[in-house]
Amino acid sequence: MSTRYNFRENEEKWQKAWAEASLYKTKETLPKYYVLEMLPYPSGRLHMGHARNYTIGDVIARYKHASGYAVLHPMGWDAFGLPAENAAIQHGTSPKTWTLENVRLMKEEINSLGISYDWDREILTCSPDYYRHEQKIFLDFLKQGIAYRRESFVNWDPVEGTVLANEQVIDGKGWRSNAPIERRRLSQWFFKITDFAQDLLDDLALLENWPDQVKTMQINWVGRSEGALVLFPLVEKKDILEVFTTRPDTLFGASFLGISPDHPFVEALAKENPALDTFIIECRAQGTSQKEVDTAEKKGFNTGLTVQHPFLKNKTLPLYVANFVLMEYGTGVIFGCPAHDARDFDFAVKYKLPILPVVKGVSEEPLPYDGEGVLCNSDFLDGLSINDAKKEVIRRLELKKLGTHKVTYKLRDWGVSRQRYWGCPIPIIHCPFCGIVSVPEHQLPVALPESISFDQPGNPLDSHPTWKYVDCPNCGEAALRETDTLDTFVDSSWYFARYCSPHGSQPIDPDKAEFWLPVDQYIGGIEHAILHLLYARFFTKALRKCGYWSLSEPFKNLLTQGMVCHETYRDQSGSWLYPHEVERREGKLVKLSDGTPVKAGRSEKMSKSKCNVVPTAKIVEEYGADTARLFMLSDSPPERDFEWTEAGIEGSWRYLNKLWRLVTAHLSDVKVARSPEVFTENALKLRKLTHKTIYHVTQDIEKFHFNRYVAHLREFSNTLEEFTPSESSENWALHEALHTLVLLAAPALPHLAEALWAELGHEPFVFNQPWPKADPSLITEDNLTLAIQINGKTRGTLEVSSQLSEDAIKDLILEMPSVRSYSQGKPLKKFIYIPGKVANVVV
RNA sequence: GCGGGCGUGGUGGAAUUGGUAGACACGCCAGACUUAGGAUCUGGUGACGCAAGUCGUGGGGGUUCAAGUCCCUUCGCCCGCACCA
């Protein structure tokens, strides 16, 4: 008997055996369970964040399989995207070759972890087999009016002659060129997600098992607000400006109108006003990200024009072009009420505009004040509450035909055009005669050309010598292909459906989708709480509109996992060091190469830039997959950040060996054939623990308390270690306990469990064994321990029979010597009894 | 700037959701063992105190018989912000 568990030999052996037996091939029987981890980008290296994600999914998949479900547990690759193009520009590799090699490497690493994926259903989004269906969906969206084209702004790098992603813009400059970035207007494709805004809000109610914080974030993101549309006629011109406001009640406190620099009216004005044109150019020097807009200095340009106040004949308001007014939200024009809005207040102070309070709080409130109150200085609104004033002002506006009630959403339509090569081509042809023409379905896929060059600025599809030149499918005249490709979020918005019929000739097979969807458990990082999840939800509704299915929500349950973190290290010169370059000598951290001191920084999310990454491959090589899996499950609850430590992985490795010793040491003790009729007290005690452990572990996994799951396994094995059978019923109980232990450990430690299952004399595979069931008669306790409190402070415990009545317990407690001494003969004021938990004596 | 979270021993965390704070580990301390191993085993370990006991869940305040848990306030850190995925 070996006292050390040989993980290398075992993991290789069983992974091979599982593959040969096609153990993870999906069966299509009821009940079904679809467990899905978020589609990874194939960066080439499996990091611990992935490993944690897949381990969690794997435990659930294995547990559900053992519980009798037909489990769908697929994996694939979010294979389009910027990094492949960056690699192409830097190293001259082709995006396709680079991506496929990364996929190969990552797949190997995933398999080394022993995750139970059905690889027959693998998806690769950059493969024409996948994106041809996405192109079909795009055309369906176009038919339904969900896809459309309009102008919007991009980050333009004037030196590179390229559109940049937000992350490529650093402090307003291009990351490679360092040139100031400007916002440039381009005609682009959009998806009409705003048509589904209300559905996206309403259907959150169906998602009972989504974390509340994710639902809240989505609600705020969609940002429904009720307010009014108010018309302001210009005094000097014939035009009328439409303003959306959520505070129509403060209309009498308005002191200016702010209009977006991107508003068509402003652009027209700028043509005859060079100073305004300069101001607009200044505003466009700012990036497109929300954070930049919000944190930029608030600037205005007085157009010299004024608008008429809808109710006050003698009041006009100056019209300012303001850099903080967004064209995408509301109407692109606001009215400013400085007394009751912080941003308007700052603006009014800066440009010396009047500040007239129109809402009185309970006491004198400092301005700007946006709390509850009663209207004042507001003509017919005086004395009304804010809510009544809103209703009244809208009623009066409607009478004068100068406004109306209106609901708006912060949510903007989804811009899906990317001026890039490595993405799904948009299947559209621009014909000089017919306009925008869909590529006929039988011509799909519109495949990416493979011979491309990144030598020229801009999109290689655009500069390709032949690719974009085609004949119009409609009239046959010379036409041009659309050279924009789709945002990679589109690829990941419907992949969960493709897994149900990965080889089907249509994008989605309705029967298969009907069978498997919705996804029963979706697992992924909290960083996707808004965009990816919202887009996938939108797609589900849009696909329903196109007649693909009747599904309204894609993911029934959602688990958002935290990040994997690691301590950071810097040497004396301040350079970051990898953990393996650092060593602890005599309690001090030193650099391995030269022994100089190393400063440990706080633990942060693993990232290449800070060198605090631990590659999965290294851990699997050193400790094996099961140790890595166990550690990632045992330390933190899944939704919290995870702290990767050397000590932690060592501790998990020791536990694996302990399990191995525990089972193998007792192999001769557990060869008992028949179930005994009478159990000794020790045997019964052990059986109770076994069944309680089954109960707890089952609960823990069901609730995704994987750290407690592991803690219960450890507690159970600690007791088993001390147990020495001296009689046949005790042998039987130990036999039951060890078998149970192996079965319970199997979802977390599939390789070790498989090895121990064989050691116990069974045929493979432990994977196919049913999940143990707790015997209810063995998990109830005869006695319970009550906490005894005097005046709310715990002063002791009392063990009582669970049969005793409350009165009997009360008498017992009041007679306790400790209770008597603490209460010092004071009269009993109150006696609080929480059955099975606590009794509080208040004197 | 806006939206969402988190904060418990030296460390990761547990606490049947308002009911014995610190389960289970890591680390550390003391000891045992020797086929010297990536060991293993036994005991101890929140702080203060000789003890009885007192204090303890980022800080301050509140509700309650009872607060890590609920409310207010404050500090620190993290995630997202629409072209990274």
Side-chain angles (χ1 to χ4, degrees), chain A residues 3-4 38-41 43 78 80-83 154-155 163-169 193 211-214 216-221 223 288-296 324 328 342-343 410-420 487-489 492 525-532 534-535 560 562-563 565 602 604-605 622-623 634-637 639-643 645-648 650-655 657-658 661 696 699 705 707-708 710-715 718 721 785-797 829-832 834 836-842:
Chain A
T3 54
R4 295 194 68 84
M38 284 181 184
L39 189 69
Y41 181 79
S43 57
D78 192 9
F80 274 136
L82 267 184
V154 293
N155 296 310
V163 177
L164 297 186
N166 281 340
E167 73 154 12
Q168 296 174 319
V169 181
I193 190 172
D212 284 337
Q213 90 233 40
V214 174
T216 309
M217 279 192 264
Q218 295 218 346
I219 290 170
N220 291 331
W221 186 262
T288 58
S289 85
Q290 190 63 49
K291 194 180 168 186
E292 274 182 272
V293 175
D294 283 348
T295 51
F324 58 89
E328 286 91 356
R343 211 164 42 178
K410 250 192 229 126
L411 184 68
R412 309 202 290 258
D413 274 341
W414 175 12
V416 293
S417 274
R418 298 292 180 270
Q419 293 70 40
R420 301 186 202 294
D487 178 7
T488 56
F489 269 125
S492 55
I526 183 71
E527 66 272 21
H528 296 290
I530 297 175
L531 290 181
H532 162 63
L534 196 72
Y535 290 150
T560 50
M563 297 170 305
C565 301
R602 51 184 203 86
E604 294 189 58
K605 176 184 178 172
E622 276 181 53
Y623 296 97
S634 62
D635 244 39
S636 299
E639 54 286 338
R640 273 220 230 175
D641 285 355
F642 181 87
E643 180 70 27
T645 60
E646 205 47 34
E650 292 275 350
S652 293
W653 165 241
R654 282 203 289 273
Y655 179 63
N657 277 297
K658 188 170 172 171
R661 279 196 309 273
H696 284 305
Q699 288 294 305
H705 295 163
N707 52 335
R708 289 198 299 192
V710 176
H712 279 121
L713 288 182
R714 284 187 187 261
E715 267 186 296
N718 284 345
E721 257 190 334
T785 309
L786 289 180
I788 308 302
Q789 302 182 332
I790 287 93
N791 290 338
K793 273 192 189 290
T794 304
R795 296 298 186 183
T797 58
K829 273 194 206 154
K830 211 170 179 181
F831 181 82
I832 294 146
I834 309 297
K837 286 175 186 168
V838 70
N840 191 3
V841 180
V842 184

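Chain naming here is simple, since letters A, B, ... match the order of the sequence lines and numbering starts at 1 in each.
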Glycosidic conformation of B:U11, taking syn as within 90° of 0 and anti otherwise: anti
Counterpart base for B:U11, defined by Watson-Crick or G-U wobble contacts under 3.5 Å: B:A25
Residue whose closest nucleotide on RNA chain B lies nearer the 5' end, A:Ile834 versus A:Tyr535: A:Ile834
Residue A:Asn166, side-chain atoms from C-beta onward, closest of B:C83, B:G1, B:C79: B:C83
Minimum-distance nucleotide (side-chain atoms of A:Asp641 versus B:G12, B:A25, B:C78): B:C78
Shortest side-chain distance from A:Arg640, nucleotide among B:G7, B:C84, B:C41: B:G7
Candidates B:G12, B:G27, B:G19 - which lies nearest the side chain of A:Ala647: B:G27
Residue matched to B:G1 through Watson-Crick or wobble contacts both under 3.5 angstrom: B:C81
Per A:Asn155 side chain, nearest of listed nucleotides B:C83, B:A85, B:G80: B:C83
Under 3.5 Å on both distances, the Watson-Crick or G-U partner of B:C6: B:G76
Syn/anti label of B:G9 as read from its glycosidic torsion, with the cut at 90° from 0: syn
Side-chain N or O of A:Lys793 closer than 4.0 Å to phosphate OP1/OP2 of B:C55: yes
Identified pairing partner of B:G18, criterion: Watson-Crick or G-U wobble below 3.5 Å: none
Base paired to B:A32 (Watson-Crick or G-U; both N/O distances under 3.5 angstrom): B:U40
Side chain of A:Arg654 (C-beta onward), nearest among B:C26, B:A14, B:U17: B:C26
Per A:Gln419 side chain, nearest of listed nucleotides B:G12, B:C83, B:C84: B:C83
Given RNA chain B, 5'-ward residue of the pair A:Ile832 and A:Ala787, judged by closest heavy atom: A:Ala787
Any-strand Watson-Crick or G-U partner of B:A67, both distances under 3.5 Å: none
Who pairs with B:A47 - Watson-Crick or G-U, where each distance is under 3.5 Å: B:U54
Closest to side chain of A:Glu167, choosing from B:C83, B:C84, B:C24: B:C84
